[in-house]
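Working notes for the structure below.
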Amino acid sequence: MDYLKAFAIGGLLCAVGQILIDKTKLTPARILTAYVVAGVILGGAGVYGPFANFAGAGATVPLTGFGNLLAKGVREAIEQDGVLGILTGGLRAAAGGIAAAVFFGFLAALFFRPRDKS
């Protein structure tokens, strides 16, 4: 049942993104940014945590989950480091995911020939 919930919730988030791409003039980059910002806002408000507990990977893997991770990291860092945690908490919490994205992007660039669309 957990897999079904994760698939349904993750698919719903992706479907909303696809509808926004198809029906609006928003660029994919703006939609992705909106997803991260929505995750930060919902995470900061304390709403995204219970949603992520219910949906599992369907809510933690998409970009809204990344935004929630940033908000959670800032909240924890403020408790430990005070005001300095505002600047360091989000990156400290997401450092593993960011490093993995950069590393695997580099590997993909080595094995394939990235080029601009003509």
Side-chain angles (χ1 to χ4, degrees):
M1 193 63 174
D2 290 338
Y3 294 120
L4 184 61
K5 280 194 297 189
F7 179 77
I9 300 295
L12 182 65
L13 288 171
C14 292
V16 168
Q18 188 63 49
I19 290 168
L20 289 172
I21 289 171
D22 292 343
K23 301 294 183 185
T24 67
K25 293 186 180 197
L26 293 172
T27 62
R30 289 184 180 187
I31 294 169
L32 295 175
T33 303
Y35 268 45
V36 173
V37 170
V40 169
I41 292 170
L42 293 173
V47 176
Y48 204 84
F51 174 65
N53 288 338
F54 168 76
T60 57
V61 172
L63 288 170
T64 50
F66 177 70
N68 177 51
L69 178 66
L70 292 174
K72 182 178 176 185
V74 168
R75 194 170 39 248
E76 291 173 357
I78 288 173
E79 290 174 5
Q80 291 177 353
D81 304 330
V83 178
L84 185 61
I86 295 170
L87 300 173
T88 62
L91 289 177
R92 189 182 315 152
I98 294 169
V102 169
F103 176 73
F104 289 114
F106 175 73
L107 282 181
L110 286 178
F111 290 113
F112 301 100
R113 294 186 157 257
R115 59 185 177 269
D116 291 334
K117 290 183 178 181
S118 298

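Heavy atoms only: backbone and side chains are in, while hydrogens, waters and symmetry mates are out. Everything quoted here is computed from the prediction, not taken from an experiment.
- Taken from CG in Leu32 to OG1 in Thr27, the straight-line distance is 8.5 Å, to the nearest 0.5 Å.
- Residues passing the side-chain contact (heavy atoms from CB on, under 4.5 Å) test with Val16, sequence neighbours excluded: Leu20, Tyr35.
- Grouping the Ile, Leu, Val, Met, Phe, Trp and Tyr side chains by contacts below 4.5 angstrom, directly or via other members, places Phe111 with Phe106.
- In the hydrophobic clustering of ILVMFWY residues, with side-chain heavy atoms under 4.5 Å counting as a link, Leu70 and Ile98 come out together.
- Taken together through direct or relayed side-chain contacts under 4.5 Å among Ile, Leu, Val, Met, Phe, Trp and Tyr, Phe112 and Leu110 form part of one hydrophobic cluster.
- Aromatic ring centroids of Phe51 and Tyr48 lie under 6.0 Å apart.
- Linking ILVMFWY side-chain heavy atoms closer than 4.5 Å, directly or via other members, places Leu69 and Leu13 in two distinct hydrophobic clusters.
- The two atoms that bring Val47 and Pro50 nearest to each other are O-CD, 3.3 Å, heavy atoms only.
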### Task
Apply side-chain contact (heavy atoms from CB on, under 4.5 Å) to the pair Thr64 and Leu42, showing each step before the final yes or no.
CA-CA 9 Å; Thr64 50; Leu42 293 173; over 6 Å; no
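- Applying the side-chain contact (heavy atoms from CB on, under 4.5 Å) rule to Phe104 yields the partners Ala100, Leu107; only residues at least two apart in sequence or on another chain are considered.
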What pairs of donor and acceptor atoms, side-chain ones from residues 71-89 against any protein atom, are under 3.5 angstrom apart with sequence neighbours left out?
| unit_1 | atom_1 | unit_2 | atom_2 | d |
| --- | --- | --- | --- | --- |
| Arg75 | NH1 | Gly43 | O | 3.0 |
| Asp81 | OD2 | Arg92 | NH2 | 3.0 |
| Thr88 | OG1 | Leu84 | O | 3.4 |
| Thr88 | OG1 | Arg92 | NH2 | 3.3 |

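- Between the CG atom in Asp2 and the CZ atom in Phe54 there is a gap of 9.5 Å [rounded to 0.5 Å].
- At a threshold of 4.5 Å between side-chain heavy atoms, the hydrophobic network of Ile, Leu, Val, Met, Phe, Trp and Tyr places Leu12 and Leu63 in two separate groups.
- Listed here is the closest heavy atom pair of Pro62 and Ala57: CD-O, 3.7 Å.
- Residue Gly17 comes nearest to Ile31 through the heavy atom pair O-CD1, 4.1 Å, listed as atom of the first residue, atom of the second, then distance.
- Atom-to-atom distance recorded for Lys5:NZ and Ile9:CD1 is 8.5 Å, nearest 0.5 angstrom.
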